[in-house]
There are 2 protein chains.
Amino acid sequence: MSRGPSARRPAPAGNHHGIPDATVARLPVYLRVLYGMADRGVTTVSSEELAAAAGVNSAKLRKDLSHLGSYGTRGVGYDVEYLVYQVSRELGLTQDWPVLIVGAGNLGRALANYGGFASRGFRIAALLDCDPGVVGTVIARHTVRSADEIEEAVRKFDVAIGVIATPAAAAQNVCNRLVAAGVRSILNFAPVVLNVPSDVDVRKVDLSIELQILAFHAQRRTAAARLFDLPPGGDLARGIAARGLPASPAAASPNGRSGRGARAAAESRAVAGSGSEDDYTTGAQAVGT
Amino acid sequence: MSRGPSARRPAPAGNHHGIPDATVARLPVYLRVLYGMADRGVTTVSSEELAAAAGVNSAKLRKDLSHLGSYGTRGVGYDVEYLVYQVSRELGLTQDWPVLIVGAGNLGRALANYGGFASRGFRIAALLDCDPGVVGTVIARHTVRSADEIEEAVRKFDVAIGVIATPAAAAQNVCNRLVAAGVRSILNFAPVVLNVPSDVDVRKVDLSIELQILAFHAQRRTAAARLFDLPPGGDLARGIAARGLPASPAAASPNGRSGRGARAAAESRAVAGSGSEDDYTTGAQAVGT
DNA sequence: ACGCCCTTGTGAACGTTTGCACAAAGTCGC
DNA sequence: GCGACTTTGTGCAAACGTTCACAAGGGCGT
Ligand SMILES: NC(=O)c1ccc[n+]([C@@H]2O[C@H](COP(=O)([O-])OP(=O)(O)OC[C@H]3O[C@@H](n4cnc5c(N)ncnc54)[C@H](O)[C@@H]3O)[C@@H](O)[C@H]2O)c1
Ligand SMILES: NC(=O)c1ccc[n+]([C@@H]2O[C@H](COP(=O)([O-])OP(=O)(O)OC[C@H]3O[C@@H](n4cnc5c(N)ncnc54)[C@H](O)[C@@H]3O)[C@@H](O)[C@H]2O)c1
């Protein structure tokens, strides 16, 4: 697995297995919307309505659902309850998934306390940490166990999904142990590229990356706003690209005036070494997801 | 914005703006790896090495970097420090980004306490909550303010990025107020599809969706393992698709024996109404990201 | 000064995803 | 029972993303 390109069935015509990744990623959204509708007493929904609620194009929604089978009724729409069942089944949510959380720090605790965790069949099997001061404490009804017990916990609770919420420096090691213990699905919160065998499926959640993507677009927006302050063909990027770090650090945020005001450029951070205790890296694993 | 399809420049030949979204999403990973290398004293890196460390194909890495300009040296590779600077600049990280966090619960607190937050120029401007019991308390050196002050805080701190860490039921409302106050970049942790004007950029982080995607692949894996227990052309999905909920609830996990043992199917959850206090939905916004 | 060798940058092929548009299929009113 | 109307399911083309493979370019040894 490891959601890289590599393995994926070419999806032969009579496609019953081989649901596109893009579709799989949207099914949980549809499911959440469907649950909401069921709660409000809606019994039937058209692709148009469902698509609007999920924020997608209705054709895309129909194509997505068509991968699961023909569960709609032409002229009417989809039966909400029935569709909930079908989507749940396809996603494997009709069974329970014991989840092991490694790292009971800020994030691990938040996850353990999170109610929505259990709502789709994910059950916290155990919570591990290596800090003797934390081991033994109780978090959300779970007594934190020692990180030495990874293998034991995986076996004992038949853990299928491991969550890594340790500092980046420990993540690869924890990952290796989870994999060695038989875990094949890992959700990684540490900002590291994990190195895993190809049959292991890793997904990452990286807050910092999300913020950086937002920053990119935000910058793009304000850059567009000052579009007319610059020479028409002007290319400020290549202008300073004559190699050797830019003459003036301030070159990065030229002609100040912009919507949000060009704040003091934090050059030292951008130019040289690390920024946090967290930086770290090794190995290879698909980066896109 | 709202990273949906809609707006994106066709990227005319002389492409200097219009970096593909897929590339933008990977730049932060490259950046992190580069920082790590800089810390270890590496001064030069080839696309092959950098790609391996980031877990991507080297051709993809080169193409990604080529969108920023020609910053490599043939026969040699890339200068680490220089590349760090260029990627940072492209992402808009050479300026500071004041971030406003709304919702100081489990997650909001974890975010506020998170050190790596500040490492790329993201600075927590303020932390808001609506619970009188929480307002006034101090979290990570920030005194929690009242959620009534959204507009004021946005103005006062020149907030560009808003983080929503409230329960799902409050998210759309908070979002509306952030947008009205001028925030154009939002990171949403609540499991809701936010409805925003097209010039607002929303990214979501949804733990539950990630787990569900993992569960899908995990199920697929174990299904493959029992491949030979079923009739060759057998299609258990359509078998019960003759409408009307499946005769026997257990139909979802037929012939038990599978790698991980078919656990008690949580039918009640899968079939009918909601599962958590969180389910909720409205509006439209791109679902893929 | 020259040529070898290494690595970048990119053209072109391929696979995946999206969205349009419409025929097929079913419902509902009469 | 039938015809009009609604909505699904899908063929197709365009957009987007990934990967291969190699020519162009630059450093370095001689
Ligand atoms: N807190 C956030 O908002 C946030 C946001 C994004 C990413 N992250 C990432 O998530 C991870 C956890 O963040 P956090 O804020 O909870 O950090 P934290 O320092 O609060 O907690 C980390 C916990 O892991 C434990 N630990 C360390 N090594 C371990 C090991 N080998 N085995 C088991 N446990 C071990 C520590 O004892 C500590 O309790 C970090 O990698 C961080 O970069 C956190
Ligand atoms: N904790 C997790 O691990 C986790 C994981 C995934 C998703 N989420 C989602 O993140 C969100 C926050 O999760 P949490 O665990 O921190 O919840 P929480 O209940 O611990 O905290 C929510 C906080 O938001 C505050 N709040 C409520 N309405 C508000 C409003 N209108 N304005 C400002 N503040 C308001 C509450 O007072 C509370 O302090 C939820 O939507 C949850 O579904 C949480």
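Just so we're on the same page: letters track the sequence lines, and every chain starts at 1.
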How would you label the contact of A:Ala22 with the nucleic acid (heavy atoms, under 4.0 Å): base, sugar-phosphate, or nothing? sugar-phosphate

Would you say the side-chain atoms of A:Tyr82 and A:Gln86 include a donor-acceptor pair closer than 3.5 Å? yes

Under 4.5 Å between any side-chain heavy atoms of A:Arg120 and A:Tyr35, yes or no? yes

Expressed in angstrom and rounded to an integer, what is the separation of B:Leu61 atom CG from D:dG17 atom P? 17 Å

To the nearest angstrom, how far is B:His67 atom NE2 from D:dC16 atom C1'? 11 Å

Taking the side chain of A:Asp21 as its heavy atoms from C-beta onward, which of C:dC22, C:dT17, C:dT8 lies nearest to it? C:dT17

Side-chain donor or acceptor of A:Arg203 paired with backbone N/O of A:Asn188 under 3.5 Å: no

Side chain of B:Ser66 only, heavy atoms from C-beta on: which candidate in D:dA21, C:dG9, D:dG9 is closest? C:dG9

Given atom NZ of B:Lys60 and atom P of C:dT7, what is their separation to the nearest angstrom? 21 Å

Pairwise 5' ranking along DNA chain C for A:Ala59 and A:Val76, keeping only the more 5' one: A:Ala59

Please check the phosphate of D:dG9 (OP1 and OP2 only) for any side-chain N or O of A:Ser70 closer than 4.0 Å. yes

Nucleotide nearest A:Arg62 (side chain, heavy atoms from C-beta), chosen from C:dT8, D:dT18, D:dT10: D:dT10

Can you tell me how far P of C:dT7 sits from CG of B:Leu50, to the nearest Å? 14 Å

Nearest whole angstrom, please: distance from the P of C:dT7 to the CG of B:Asn57. 16 Å

State, yes or no, whether a side-chain contact exists between A:Asp21 and B:His217 at a heavy-atom distance under 4.5 Å. yes

What is the separation between atom OH on B:Tyr71 and atom P on C:dT10, rounded to the nearest whole Å? 12 Å

Between B:Glu48 and A:Asp64, who's closer to the 5' end of DNA chain C by nearest nucleotide? B:Glu48

Once you round it to whole Å, what is the distance between P of C:dT27 and CG of A:Asp79? 13 Å

Could you state the CG-P distance from B:Leu68 to C:dT8, rounded to the nearest angstrom? 14 Å

Side-chain N or O of B:Tyr78 closer than 4.0 Å to phosphate OP1/OP2 of C:dG9: yes

Please confirm whether the shortest side-chain N or O distance from B:Ser46 to OP1 or OP2 of C:dT7 is below 4.0 Å. no

Suppose we call a contact any N or O donor and acceptor under 3.5 Å apart; does that hold for the side chain of A:Arg74 and the base of D:dT8? yes

Heavy-atom side-chain contact between A:Leu34 and A:Val45 under 4.5 Å: yes

So does B:Ser47 get a side-chain nitrogen or oxygen closer than 4.0 Å to the phosphate oxygens (OP1/OP2) of C:dT7? no

Could you check whether the side chain of A:Lys63 and the base of C:dT17 have a donor-acceptor pair of N or O atoms closer than 3.5 Å, going by distance alone? no

